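Working notes, beginning with the structure itself.
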Amino acid sequence: MGEAYVGSAEVFPRTWNMLIPFSVKNCFRLLCQHKVPTAGFKSPPTHGLILQSISNDVYENLAVEDWIHDHIHLEGKPILFLWRNSPSVVIGRHQNPWQECNLHLMRQEGIKLARRKSGGGTVYHDMGNINLTFFTTKTKYDRMENLKLIVRALNAVQPQLDVQPTKKFDLLLDGQFKISGTASKIGRTAAYHHCTLLCSTDRTALSSSLKSPYHGIKSNATPSIPSTVKNLLERDSTLTCDVLMSAVAAEYAAYHQIDDHVNLINPADETVFPGINSKIKELQSWEWVYGRTPRFTVDTMFHVPHGQACLEIQVFMDVKNGRIETCDIKAPDHWLPLEIGDKLNSSFIGSKFCPVETTLLTNILLRTDDHHLQSKLNILCEKIRGMM
């Protein structure tokens, strides 16, 4: 998956729903399976369809992917979906966000975290990254063919570009810089392959967001493989997002022998995508973003000041479904009374592995008239919050 560029998110009023042609709305109606509520579109496309989101919200755009996968008949009617997001980090379905990114920095910078329904590694999105989703039937699913299509589109704009697909289904610029990564979801009858195209992303934000500062985490979650990246705009100043999206749409239309008209859609429009807002809420939920993290342990230590020296504090936690299942915080008895340590350990069990919930729990523990003890608990809890 991919990355993206520095710039404020575009704001589209709800009246942009009118940009969705009535014929396209009616088309979706006949493409939908009968088991779901009817949605738009009276005249289904003969060969395929090109869609582009007017939203820059990562949860809304991910919801569109799964709505189309779940509800649309794709036999002989493939769909290309183009979308961009405001600054976001997107992890794969089977990944651990604490291992993959800097959550503390992201909270400070207002960078959203999302977990997608497909596998693969973690990526940074902003407005300089183009996301491309290719929807087909399971039997027509072909990632390499899609990547070759993108290469043809790039070469149509700039023939001198050296871009090649790899065996891992990435795209490399000049044989060394990753400009696109791939992930996919294959269902019973439908499939989608989504990939990115790195155009003009903030590479500093990308690098800092995707560098985990957390230590002592052990997990069987799928790890990401770091790569050296480069923006296409750094190679050629004419390769803007708009130019590249138009080029890919034109090449897709030519390949599938369809009209190259790009249909703008509003992902939050229930008249086109009935039930999509429930999908959006699921993707935004703590239970999905964090709670679906594969089981992991935290086995680490840190130091706290004690007079002229420092004391070592050991922490072990077992986390399942994003909640602390076992907790063992070991501090020297002379620094933290044993009964207080036991109370601290038991208070964490069953709670979410997150700084907000930890703050609420520790605020209860800090209700003591012993200001010396309160100071120690403050230091200890601040260190623990830093692990999350």
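Just so you know, these numbers use all the heavy atoms, side chains as well, and skip hydrogens, waters and symmetry mates. All values derive from a computational prediction rather than experimental measurement.
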Worksheet item: Looking only at side chains, do Asn61 and Asn131 share a donor and an acceptor under 3.5 Å apart?
Response: no

Fill in: Any side-chain donor near an acceptor of the partner, Gln99 and Ser212, under 3.5 Å
no

Practice prompt. Give, for atom CG of Leu154 and atom CG of Leu173, the distance between the pair rounded to the nearest 0.5 Å.
Written response: 9.0 Å

Response to the item:
Residues at least two apart in sequence or cross-chain that pass salt bridge (charged side-chain N to carboxylate O under 4.0 Å, His left out) with Asp318, listed by chain then number, are Arg295

Discussion item. Donor-acceptor check, side chain of His215 to backbone of Pro213, threshold 3.5 angstrom: yes or no?
Written reply: yes

Worksheet item: Judged by modelled atom types alone, do Ser184 and Tyr141 share a side-chain donor-acceptor pair under 3.5 Å?
Response: yes

Discussion item. Please tell me whether Thr238 and Asp236 have a donor and an acceptor in their side chains that are separated by less than 3.5 angstrom.
Written reply: yes

Practice prompt. Take atom CZ of Arg292 as the centre, draw a 6.0 Å sphere, and report whether it contains more than 12 heavy atoms from other residues, nucleotides or ligands.
Written response: no

Fill in: Pair Glu100 + Lys211: basic N to acidic O under 4.0 Å
no

Discussion item. Counting neighbours of NZ on Lys148 that are heavy atoms of other residues, nucleotides or ligands and sit closer than 6.0 Å, is the number greater than 12?
Written reply: no

Worksheet item: Should the pair Arg203-Glu234 be classified as a salt bridge under the 4.0 Å nitrogen-to-oxygen rule?
Response: yes

Worksheet entry | Nearest-0.5 Å distance that lies between atom CD1 in Ile179 and atom SG in Cys199 | 10.0 Å

Worksheet item: How about Tyr255: does its OH atom have over 12 heavy atoms from other parts shown lying under 6.0 Å from it?
Response: no

Worksheet item: Is it true that Glu382 and Arg385 have a side-chain N and a carboxylate O under 4.0 angstrom from each other?
Response: yes

Worksheet item: Are Leu105 and Leu113 connected in the hydrophobic side-chain network, where two residues link if heavy atoms are under 4.5 Å apart?
Response: no

Fill in: Expected output: side-chain Lys376 to main-chain Trp335 donor-acceptor under 3.5 Å
yes

Worksheet item: Is there a donor-acceptor pair closer than 3.5 Å between any side-chain N or O of Ser55 and the backbone N or O of Asp57?
Response: yes

Item to complete: Taking only Lys NZ, Arg NE, NH1 and NH2, and the carboxylate oxygens of Asp or Glu, determine whether Lys279 and Asp70 approach each other closer than 4.0 Å.
Response: yes

Fill in: Geometric cation-pi criterion, Lys281 with Trp288: 6.0 Å, 45°
no

Worksheet item: Does the side chain of Asn277 pick up a donor-acceptor pair with the side chain of Glu270 at under 3.5 Å?
Response: yes

Practice prompt. Say whether, by atom type as modelled, one donor and one acceptor occur between the side chain of Asn231 and the main chain of Leu233 under 3.5 angstrom.
Written response: no

Worksheet item: Hey, quick one: are Val356 and Trp286 part of the same hydrophobic cluster, counting side-chain heavy atoms closer than 4.5 Å, chains of contacts allowed?
Response: no

Worksheet entry | Sidechain N-carboxylate O distance under 4.0 Å for Lys330, Asp328 | yes

Discussion item. Regarding Lys178 and Asp170, does a basic nitrogen lie under 4.0 Å from an acidic carboxylate oxygen?
Written reply: yes

Practice prompt. Look at the aromatic rings of Phe353 and Trp98 and report parallel, tilted or perpendicular, splitting at 30° and 60°.
Written response: perpendicular

